[in-house]
Number of protein chains: 2
Amino acid sequence: MRIKQLEYLEAVIETGSINEAAKRLYLTQPSLSSAIKDLEKEMGITILQRSNAGVRLTADGREFMNYAKQILDQVHLLDDRFKKQQPLHQSFAVSAQHYAFVVNAFVELLKKINAPTYKFTLRETETENIFNDLRTFKSELGVLYINN
Amino acid sequence: MRIKQLEYLEAVIETGSINEAAKRLYLTQPSLSSAIKDLEKEMGITILQRSNAGVRLTADGREFMNYAKQILDQVHLLDDRFKKQQPLHQSFAVSAQHYAFVVNAFVELLKKINAPTYKFTLRETETENIFNDLRTFKSELGVLYINN
DNA sequence: TCGATTTACGCTCGACGTAACTATG
DNA sequence: CATAGTTACGTCGAGCGTAAATCGA
């Protein structure tokens with residue numbers, strides 16, 4: 001049993017669908033499906049009742065989740081205490097020419113992410129510097145617009 | 001972070017030595033060492049103070065273990081409830097000729113394991129049947145003695 | 001130099017992906 | 001037939017191994 005599997009299961013139950021949960025977890029539906037299956041096999045119980053309308057907890061599954069939730073809560077406590085300190089410095093920088101559509105896209109991104117995990121930077125610079133920024137890993141993404 | 005890592009760490013702390021813990025966990029010392037290192041790196045703290053006399057908990061490590069112990073306790077609760085039901089049928093069988101040293105070794109094994117997890121069987125049979133038992137997976141181990 | 005840990009590096013297995021299949025309203 | 005799920009199978013990385021290096025009493 002892996003902590004990840006419990007987190008996966010939690011997401012599946014919250015969404016009521018392996019498909020939806022897979023999207024939220026950024027993995028493919030078959031991968032998630034087999035991860036859950038592996039867990040069920042290891043525990044020797046059926047946790048989910050599958051149908052074409054999604055999934056529902058079985059009685060065993062409901063009891064299992066009670067235990068699993070306890071574990072996840074403890075894991076979160078530990079993570080909060082120790083883990084999340086330094087990822088604050090993580091940054092995502094874009095170097096681009098000065099164009100409105102770049103700024104718009106960047107703002108859209110900020111809206112979507114909306115988390116304090118990353119430090120976002122948009123460098124508007126000359127074309128040549130875009131290449132330099134990427135080569136020196138100063139920026140993660142470069143945007144060029146070539147007008148024909 | 002994996003549950004295994006926490007269990008590894010627990011064993012290391014209980015024994016006060018990566019070497020000893022590795023033996024208890026049936027893995028090699030370097031593997032265990034790097035597993036612990038990975039955990040420390042992920043958490044961004046130093047858990048163990050290494051020396052040529054073994055290891056000791058740092059202040060961070062002591063606090064970390066308080067959290068980890070909670071997680072492990074919850075995991076054990078879950079395992080006890082669901083997991084350990086069927087492994088009772090697991091069996092370990094030996095096919096061998098009738099020799100005192102085989103019986104002695106088998107008894108030694110029983111003493112050492114001393115757990116109700118396995119069903120032990122010793123089949124004393126003719127040489128040819130030893131091969132058959134292994135081929136059909138009836139036994140896990142065959143013992144032949146060739147007298148010169 | 002002995003007994004502990006770490007570093008270097010190779011292999012295998014498992015986690016995840018893609019493609020194709022199944023089933024039900 | 002659309003939308004849920006699973007099965008089949010390939011790939012890549014992580015976990016574990018072995019061998020050699022390091023380090024302190």
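Throughout, protein chains are lettered first and strands after them, A, B, ... in sequence-line order, and every chain is numbered starting at 1.
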Please state how far atom [atom1] in [X] lies from atom [atom2] in [N], giving the value in whole angstrom units.
X     : N      : atom1 : atom2 : value
B/L39 : D/dG15 : CG    : C1'   : 14 Å
A/D38 : D/dT7  : CG    : P     : 11 Å
B/M1  : D/dA14 : CE    : P     : 17 Å
B/Q49 : C/dA4  : CD    : C1'   : 14 Å
B/L25 : D/dG17 : CG    : P     : 10 Å
A/R50 : D/dT7  : CZ    : C1'   : 13 Å
A/L27 : D/dG13 : CG    : P     : 17 Å
B/R2  : D/dG13 : CZ    : C1'   : 13 Å

- So what does B/S34 touch, heavy atoms closer than 4.0 Å: a base, only the sugar-phosphate, or nothing? nothing
- Message: Considering only residues two or more places apart or on different chains, which pairs with a residue in residues 67-76 of chain A satisfy salt bridge (Lys or Arg N to Asp or Glu O under 4.0 Å)?
- Response: A/E10-A/K69, A/K69-A/D73
- Scan residues 53-65 of chain A against DNA chain D and write down, sorted by residue number, each residue with any heavy atom closer than 4.0 Å; if none is found, say none. A/G54, A/V55
Who passes side-chain hydrogen bond (donor to acceptor under 3.5 Å, both in side chains) against [X], sequence neighbours left out?
X      : result
A/R123 : A/S139
A/Q49  : none
B/T121 : none
A/R62  : none

- Item | Listed once per pair and sorted, the ring-ring contact (aromatic ring centres under 6.0 Å, His included) pairs that draw on residues 25-65 of chain A, sequence neighbours left out | A/F64-B/F82
- Message: Run the side chain to side chain contact (heavy atoms under 4.5 Å, CB included) test against B/Q70 and tell me which residues pass, sequence neighbours left out.
- Response: A/Q74
- Query: Are any side-chain N or O atoms of B/Q29 and backbone N or O atoms of B/N19, one a donor and one an acceptor, separated by less than 3.5 Å?
  - Reply: no
- Item | A/E124: salt bridge (charged side-chain N to carboxylate O under 4.0 Å, His left out) partners, not counting sequence neighbours | none
Donor-acceptor contacts under 3.5 Å from residues 31-39 of chain A side chains, at least two apart:
unit_1 : atom_1 : unit_2 : atom_2 : d
A/S31  : OG     : A/T28  : OG1    : 2.9
A/S34  : OG     : A/S31  : O      : 3.3

Within the sub-3.5 Å range, which N or O atoms of nucleotides 18-25 of chain D have a protein N or O partner, and how far apart are they?
unit_1 : atom_1 : unit_2 : atom_2 : d
D/dA25 : O4'    : B/N52  : ND2    : 3.4

- Query: Looking at B/K37, does any N or O in its side chain come under 4.0 Å of the phosphate oxygens OP1/OP2 on C/dT7?
  - Reply: yes
- Charged N to carboxylate O under 4.0 angstrom, B/E7 versus B/R2? no
- Interface residues of residues 7-24 of chain B with DNA chain C (non-hydrogen, below 4.0 angstrom): B/S17, B/I18, B/N19
